[in-house]
Amino acid sequence: MASFLGLEAHAGFILACYGITFVVVALLIAWVLIDQRALNRTLKELEAAGARRRSERRPASGGGA
């Protein structure tokens, strides 16, 4: 198969690099998804406790600087 792909002597090195890259990218994707779930859970807990987002604040009325 290595001769079919034209890799010859470097086939092991090239395929190992692709394999390592695939594993690293898969781990990064998993890390992001796990972190997203944790942050969403924390956000829901904070909202349930009464914390509000800054973007939800109403502008102050009557004053200007």
Side-chain angles (χ1 to χ4, degrees):
M1 180 169 175
S3 62
F4 171 73
L5 296 174
L7 303 177
E8 298 168 4
H10 302 290
F13 174 77
I14 293 170
L15 294 175
C17 287
Y18 275 111
I20 290 169
T21 301
F22 176 79
V23 169
V24 168
V25 170
L27 288 173
L28 287 171
I29 290 170
W31 180 23
V32 167
L33 293 175
I34 291 168
D35 191 45
Q36 177 188 19
R37 288 181 184 171
L39 289 173
N40 283 336
R41 188 178 326 113
T42 302
L43 182 59
K44 286 180 183 178
E45 290 172 0
L46 287 170
E47 288 177 345
R52 295 181 57 176
R53 298 182 191 188
R54 284 188 235 172
S55 61
E56 291 181 6
R57 288 186 184 167
R58 296 180 185 158
S61 62

- Message: Hydrophobic clustering (ILVMFWY, side-chain heavy atoms < 4.5 Å, transitive) - are Leu46 and Leu39 grouped together?
- Response: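 The answer is no; the residues belong to distinct hydrophobic clusters.
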- Message: Using the rule that Ile, Leu, Val, Met, Phe, Trp and Tyr join whenever any side-chain heavy atoms are under 4.5 Å apart, tell me whether Val24 and Trp31 fall into a single cluster.
- Response: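 Yes: a chain of side-chain contacts under 4.5 Å links Val24 to Trp31.
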- Hey, what else clusters with Ile29 if you join Ile, Leu, Val, Met, Phe, Trp, Tyr whenever side-chain heavy atoms sit under 4.5 Å?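 Its cluster partners, ordered by chain and number, are Val25, Leu33.
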- Message: According to side chain to side chain contact (heavy atoms under 4.5 Å, CB included), who are the partners of Ile34, at least two apart in sequence or on a separate chain?
- Response: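 None.
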